[in-house]
*Asks:* 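Dropping the structure in here first, questions after.
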Amino acid sequence: MIETTTRMRRREEIIHAAVIEFCENGYDCTKMEDIAHRAGIGKSTIYEYFPSKIELLTATGESVLERILLDIKQMLLNDRPVRQALADYLEYISSVMGTIGNNFLNLVGDQEVTNVIHKLCIRYVKTMSSELEGVLRIAQDTGEISPDVNIPIAVSLIISIPSPPFVKLTKHKFIHDSIDQLLALLFSGLAPR
């Protein structure tokens, strides 16, 4: 049991170091020895856990995505008005994109790396679509939004809002104003009639 716990901890340390290196330097410029140095281990130790750099990238991306999805699920589970839940979601995902999202774009390059990122994005969209559909259906049931709103279309719109221009806008000191104005616009279409 101690060996398994130690291995799990070491694996997480490697992934944590990889996130930082990949985000700072991009995939192509990140060296396994840099990740090892940051994790305080030898390069060969990384290969005991991840046989290749692309497998480390995949594990790193999955780890980051799991954390993001867990945070968002917990955020959306809170019993509060749908508008506040969506404001928190937009603020959180914009912050994440501003922190790692733009740097993660440095990873896109060869086809293998692009495929890893694409699979992670597909998983994010599918999972978030399901989560947000549930939130909006409850909001319809409680009368917070109109019963004739097309929920899949509303979800597609909400998921597509956090983009590089929106993240840039929300990085300024008026993040809440930007999100509030966007939600006012969105809710003018979602409001019960």
Side-chain angles (χ1 to χ4, degrees), residues 1-78 88-132 159-173 175 179:
M1 181 69 169
I2 292 173
E3 183 178 323
T4 304
T5 304
T6 301
R7 283 193 61 79
M8 287 173 45
R9 185 178 43 76
R10 174 67 45 83
R11 184 177 191 279
E12 289 305 312
E13 290 168 352
I14 293 169
I15 288 173
H16 178 73
V19 166
I20 295 168
E21 290 295 326
F22 287 143
C23 286
E24 286 181 1
N25 304 311
Y27 180 79
D28 289 338
C29 294
T30 294
K31 295 177 177 58
M32 295 296 261
E33 45 275 343
D34 295 336
I35 295 170
H37 178 73
R38 185 175 291 275
I41 58 174
K43 179 178 158 183
S44 62
T45 304
I46 292 178
Y47 289 106
E48 292 175 25
Y49 293 83
F50 306 99
S52 68
K53 188 174 168 184
I54 196 70
E55 288 184 44
L56 176 55
L57 173 65
T58 301
T60 300
E62 288 172 353
S63 176
V64 168
L65 181 60
E66 284 301 318
R67 182 74 233 165
I68 291 168
L69 293 174
L70 180 64
D71 288 348
I72 293 172
K73 283 180 183 184
Q74 290 174 344
M75 182 185 311
L76 295 177
L77 284 176
N78 290 335
D88 291 347
Y89 162 75
L90 289 172
E91 185 173 341
Y92 174 80
I93 202 64
S94 295
S95 173
V96 167
M97 285 181 70
T99 303
I100 65 166
N102 293 332
N103 291 329
F104 236 61
L105 293 177
N106 293 328
L107 301 177
V108 179
D110 76 13
Q111 191 59 44
E112 202 172 25
V113 173
T114 302
N115 289 340
V116 168
I117 302 301
H118 180 74
K119 286 177 184 175
L120 293 169
C121 289
I122 295 288
R123 186 167 156 225
Y124 170 80
V125 168
K126 285 182 178 181
T127 303
M128 285 317 307
S129 293
S130 176
E131 293 293 323
L132 289 170
I159 286 176
S160 67
I161 289 171
S163 62
F166 183 72
V167 170
K168 186 176 180 181
L169 178 67
T170 59
K171 274 191 161 186
H172 299 289
K173 62 181 177 184
I175 181 173
I179 290 174

*Asks:* Between R10 and I15, is any pair of side-chain heavy atoms under 4.5 Å apart?
*Replies:*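 Counting from C-beta outward, R10 and I15 never come under 4.5 Å.
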*Asks:* Considering all heavy atoms of both residues, which atom of I68 and which atom of Y92 are nearest to each other, and what is their separation?
*Replies:*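 In terms of heavy atoms, the two residues are closest at CA-OH, 3.6 Å.
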*Asks:* Roughly how far, to the nearest 0.5 Å, is the NE2 atom of H118 from the CD atom of Q111?
*Replies:*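 Separation between the atoms: 10.0 Å.
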*Asks:* Let me have the donor-acceptor pairs involving side chains of residues 44-57, under 3.5 Å, with sequence neighbours excluded, atom names and distances please.
*Replies:*
from, atom 1, to, atom 2, distance (Å)
S52, OG, E55, N, 3.2
K53, NZ, Y27, O, 2.7
K53, NZ, T30, O, 2.6

*Asks:* Evaluate whether atom CD of E112 has more than 12 neighbouring non-hydrogen atoms of other residues, nucleotides or ligands under 6.0 angstrom away.
*Replies:*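 Counting other residues, nucleotides and ligands, CD of E112 stays at 12 neighbours or fewer.
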*Asks:* Is there side-chain contact between K31 and I35, with at least one heavy-atom pair below 4.5 Å?
*Replies:*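 No, too far: nothing below the 4.5 Å cut-off.
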*Asks:* So I122 and K119, do their side chains get closer than 4.5 Å, heavy atoms only?
*Replies:*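 No, too far: nothing below the 4.5 Å cut-off.
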*Asks:* Hey, mind stepping through E131 and L69 against side chain to side chain contact (heavy atoms under 4.5 Å, CB included) and telling me if it holds?
*Replies:* CA-CA 10 Å; E131 293 293 323; L69 293 174; over 6 Å; no
*Asks:* Of the non-hydrogen atoms in L120 and G61, which two are nearest, and what is the gap between them?
*Replies:*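 Heavy-atom minimum between the residues: CD1-CA, 3.5 Å.
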*Asks:* Testing the basics here: between A39 and I14, what is the closest heavy-atom pair and its distance to 0.1 Å?
*Replies:*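 Looking at all heavy atoms of both residues, the shortest contact is CB-CA, 4.4 Å.
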*Asks:* Can you give me the closest heavy-atom contact between S63 and E12, atom names plus distance?
*Replies:*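 That closest heavy-atom pairing would be OG-OE1, 4.1 Å.
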*Asks:* To the nearest 0.5 Å, tell me how far E33 CD sits from K43 NZ.
*Replies:*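 So the gap between those two atoms works out to 4.0 Å.
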*Asks:* Is the side chain of S129 donor-acceptor paired with the backbone N or O of V125 at a distance under 3.5 Å, no angle test?
*Replies:*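 Side chain of S129 to backbone of V125, a donor-acceptor pair under 3.5 Å: yes, one is there.
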*Asks:* Using side-chain heavy atoms (C-beta onward) and a distance below 4.5 Å, is I93 in contact with I161?
*Replies:*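 SC-SC contact between I93 and I161 ruled out.
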*Asks:* Measuring from atom CG of L77 to atom CD1 of I72, what distance do you get when rounded to the nearest 0.5 angstrom?
*Replies:*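 CD1 of I72 is found 12.0 Å from CG of L77.
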*Asks:* Which residues satisfy the salt bridge (Lys or Arg N to Asp or Glu O under 4.0 Å) test with R67, sequence neighbours excluded?
*Replies:*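 R67 satisfies salt bridge (Lys or Arg N to Asp or Glu O under 4.0 Å) with D71 once adjacent residues are dropped.
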